[in-house]
Amino acid sequence: MMELGLLVSAPGKVILHGEHAVVHGKAALAVALGLRTFLRLRPGDGERLRVHLPGVSVRREWGLAELSALRGRVTADFDESKSPSVEQLDVLKEFAGIAADASAPDSLAVLAFLYMCLAISAKYGDVPSVDITVWSELPTGAGLGSSAAYAVCLAAALLYACRAISCPLKDGEATARWTEDEMTLINSWAFQGERVIHGNPSGVDNAVGTWGGALRYQSGKITSLKRVPTLRILLTNTKVPRSTKVLVAGVKEKILKFPSIMNPVLDSIDAISQECQSVLEAMPTNPSPEYYPVLEELFDINQHHLNVIGVGHPSLDRLCRVTASHGLHSKLTGAGGGGCGITLLPPDATPLAVEAAKRDLCACGFECWETDIGAPGVTLHSASSLNAEVLHALSES
Ligand SMILES: Nc1ncnc2c1ncn2[C@@H]1O[C@H](COP(=O)(O)OP(=O)(O)O)[C@@H](O)[C@H]1O
Ligand SMILES: C[C@@](O)(CCOP(=O)(O)O)CC(=O)O
Ligand SMILES: [Mg+2]
């Protein structure tokens, strides 16, 4: 049994450009958000594993003996470089009482948890007796990478519980990060969790959740963007629910149906990411307004492309119209189909215009807030470094 508990967090993300195209091998530019998912791991009673996920109303527990028996069935032909197979997920669904076609948040969360727990323990050690609570500041299913932040926290905690990674937090320290090698391992297991939740993820979200900051991601290659200027971004949640898995599958269908029409659109999105990266790299840390018109035009063009590939939504059209009426430019972020949009706030946008835009967005029933970008990736915390709200949410059992 483990002696120590663990408090870990991972950030959500905003995709500036390249969502969906990145699933098909194109580049994406993404930044970590100042909104995080937190996980608390505590030693269990020695016989059971308990999981509490208040964000998706899940409270489940299983005996270690039944999990060990299940592990043999799921991991028999297990290959960590491949997607979890339909057969493996069917066994887990039957075990957890989840319907074959279930796509509800609680079902996907439990399935990802079980898969990661069994696969990680099959590779590194016994199924541990632990109590796990996960709580998030991120809205779930809104395009801000809550699934990846969840998977990154789970990967870190389960790898630690199976003694595959260390606990670098020393007595008296507020926070600590893992080594590059340990983070690479966390990222690769978080990707498996994303595969359970998304079906066919690109890996960009778990990369941002693990490494944090700002990065370019293409076909598994992660390039950290070191000189990204301090961009001000307004985030707006239309609150229209949607599922990344369904939207990603819809885009694939459209590409298969109209390849000669859709592939050039994906190429164009790729070129937008490239252009945006060049502009960002040319901008000084505190840029003057002259750079912004290009970034704004790129937002507009990409938003049209995302509509063409079928991931727009009337609520997002409305968001773009409202901000445009105040001279501001927006696009959806993440999977689209509802969820969140981002609006660029150039330095010459007057506080009056920004406040008026926020007021009009709220009048549509949307929620909006400004937030920091470029936050750190997966992090270990001491209890005293967490604020009271987070501690309270994690300690409710
Ligand atoms: N805090 C959380 N606790 C448990 N599961 C979560 C949590 N956050 C996200 N998830 C899982 O991730 C899914 C949402 O993922 P997705 O559709 O990709 O949207 P997004 O990643 O944009 O928030 C939820 O349905 C749920 O299964
Ligand atoms: C649409 C996509 O590019 C991003 C999805 O982000 P989110 O789950 O909506 O936060 C999918 C992916 O990259 O795996
Ligand atoms: Mg997601």
Side-chain angles (χ1 to χ4, degrees), residues 11-19 28-36 137-139 142-145 208 212-216 225 227-239 272-273 275-306 312-313 315-334 336 338-375:
K13 61 91 227 271
V14 162
I15 296 184
L16 295 177
H17 290 291
E19 47 274 272
L29 302 180
V31 292
L33 261 182
L35 296 172
R36 305 182 77 84
E137 295 169 337
L138 290 158
L144 302 183
V208 184
L215 54 85
R216 175 186 198 273
L225 305 177
R227 290 183 45 241
V228 171
T230 336
L231 294 180
R232 264 181 82 200
I233 283 178
L234 180 70
L235 261 176
T236 301
N237 189 355
T238 64
K239 299 192 194 157
I272 292 172
S273 296
E275 184 69 26
C276 178
Q277 185 180 347
S278 305
V279 175
L280 292 178
E281 286 175 345
M283 284 166 93
T285 318
N286 283 312
S288 56
E290 82 219 46
Y291 293 91
Y292 281 85
V294 181
L295 294 179
E296 290 177 335
E297 215 169 336
L298 295 177
F299 263 35
D300 294 341
I301 302 170
N302 200 356
Q303 177 61 18
H304 287 300
H305 284 345
L306 288 160
H313 188 271
S315 63
L316 292 163
D317 295 341
R318 191 163 181 209
L319 186 164
C320 293
R321 270 201 316 276
V322 168
T323 57
S325 73
H326 296 281
L328 299 169
H329 299 251
S330 309
K331 66 175 274 292
L332 68 84
T333 189
C340 287
I342 50 176
T343 305
L344 197 61
L345 300 178
D348 59 356
T350 65
L352 222 58
V354 175
E355 281 315 308
K358 282 188 191 168
R359 193 194 51 228
D360 289 355
L361 289 166
C362 290
C364 299
F366 304 158
E367 189 182 0
C368 52
W369 63 101
E370 273 187 69
T371 177
D372 306 331
I373 55 172

- Task: Just do the side-chain contact (heavy atoms from CB on, under 4.5 Å) check on Thr323 and His329 with the steps written out, would you?
- Result: CA-CA 6 Å; Thr323 57; His329 299 251; over 6 Å; no

- Spacing of CG belonging to Leu361 relative to CG belonging to Asn237, to within rounding of 0.5 Å: 11.5 Å

- Task: Nearest 0.5 Å please: distance from the NZ atom of Lys358 over to the CH2 atom of Trp369.
- Result: 11.5 Å

- Task: Would you indicate whether the side-chain heavy atoms of Leu345 and Ile233 approach each other to under 4.5 Å?
- Result: no

- Query: Got a second to check how far Leu215's CG is from Gln277's CD, nearest 0.5 Å?
  - Reply: 10.5 Å

- Query: Do Asp348 and Ser288 come close enough that some side-chain heavy atom pair is under 4.5 Å?
  - Reply: no

- Looking only at heavy atoms, the pair that brings Ala357 and Val322 closest together is O-CG1, 4.3 Å

- Message: Any carboxylate oxygen within less than 4.0 angstrom of a Lys/Arg side-chain nitrogen, looking at Arg216 and Glu281?
- Response: no

- Checking Ser273 side chain against Ala28 main chain: does a donor-acceptor pair fall under 3.5 Å? no

- Query: Does a side-chain heavy-atom distance below 4.5 Å link Thr333 with Leu144?
  - Reply: yes

- Minimum-distance pair of heavy atoms, taken over all atoms of Cys276 and Leu295: SG-CD2, 4.0 Å

- Item | Closest non-hydrogen atom pair, Thr238 against Gly338 | OG1-C, 3.6 Å

- Task: Could you walk me through whether His326 and Asp360 pass the side-chain contact (heavy atoms from CB on, under 4.5 Å) test, one step at a time?
- Result: CA-CA 10 Å; His326 296 281; Asp360 289 355; 2.7 Å; yes

- Note on the structure: Value for CD (Glu296) from OG (Ser330), rounded to nearest 0.5 Å, stands at 9.5 Å

- Message: I'd like to check Glu297 versus Glu275 (side-chain heavy atoms, cut-off strictly below 4.5 Å). Are they in contact?
- Response: no

- Message: Any heavy-atom pair between the side chains of Gln303 and Leu332 that's under 4.5 Å?
- Response: yes

- Query: So how far is it from Thr230 OG1 to Ile373 CD1, rounded to the nearest 0.5 Å?
  - Reply: 8.5 Å

- If you measure from CG on Leu316 to SG on Cys320, what distance do you get to the nearest 0.5 Å? 6.5 Å

- How far apart are the C-alpha atoms of Lys331 and Leu298, what are their side-chain angles, what is the distance that settles it, and do they pass the side-chain contact (heavy atoms from CB on, under 4.5 Å) test? CA-CA 9 Å; Lys331 66 175 274 292; Leu298 295 177; over 6 Å; no

- Determine whether Leu16 and Leu280 make a side-chain contact, defined as any pair of heavy atoms from C-beta on separated by less than 4.5 Å. yes

- Query: Mind checking whether Leu33 and Leu235 have side chains closer than 4.5 Å, heavy atoms only?
  - Reply: yes

- Kindly indicate whether the side chain of Val31, heavy atoms from C-beta on, has any atom under 4.5 Å from the side chain of Leu225. no

- Message: Looking at every non-hydrogen atom in both residues, tell me the closest pair between Cys368 and Cys362 and how far apart they are.
- Response: SG-SG, 4.0 Å

- Item | Non-neighbouring partners of Arg232 that pass salt bridge (charged side-chain N to carboxylate O under 4.0 Å, His left out), sequence neighbours left out | Glu370

- Query: Looking at Lys13 and Gly145, what are the two nearest heavy atoms and their distance?
  - Reply: NZ-N, 3.7 Å

- Message: By the salt bridge (charged side-chain N to carboxylate O under 4.0 Å, His left out) test, which pairs, at least two apart or in different chains, include something from residues 284-295?
- Response: none

- Please name the pair of heavy atoms, one in Phe366 and one in Ser315, separated by the smallest distance, quoted to 0.1 Å. CZ-O, 3.6 Å

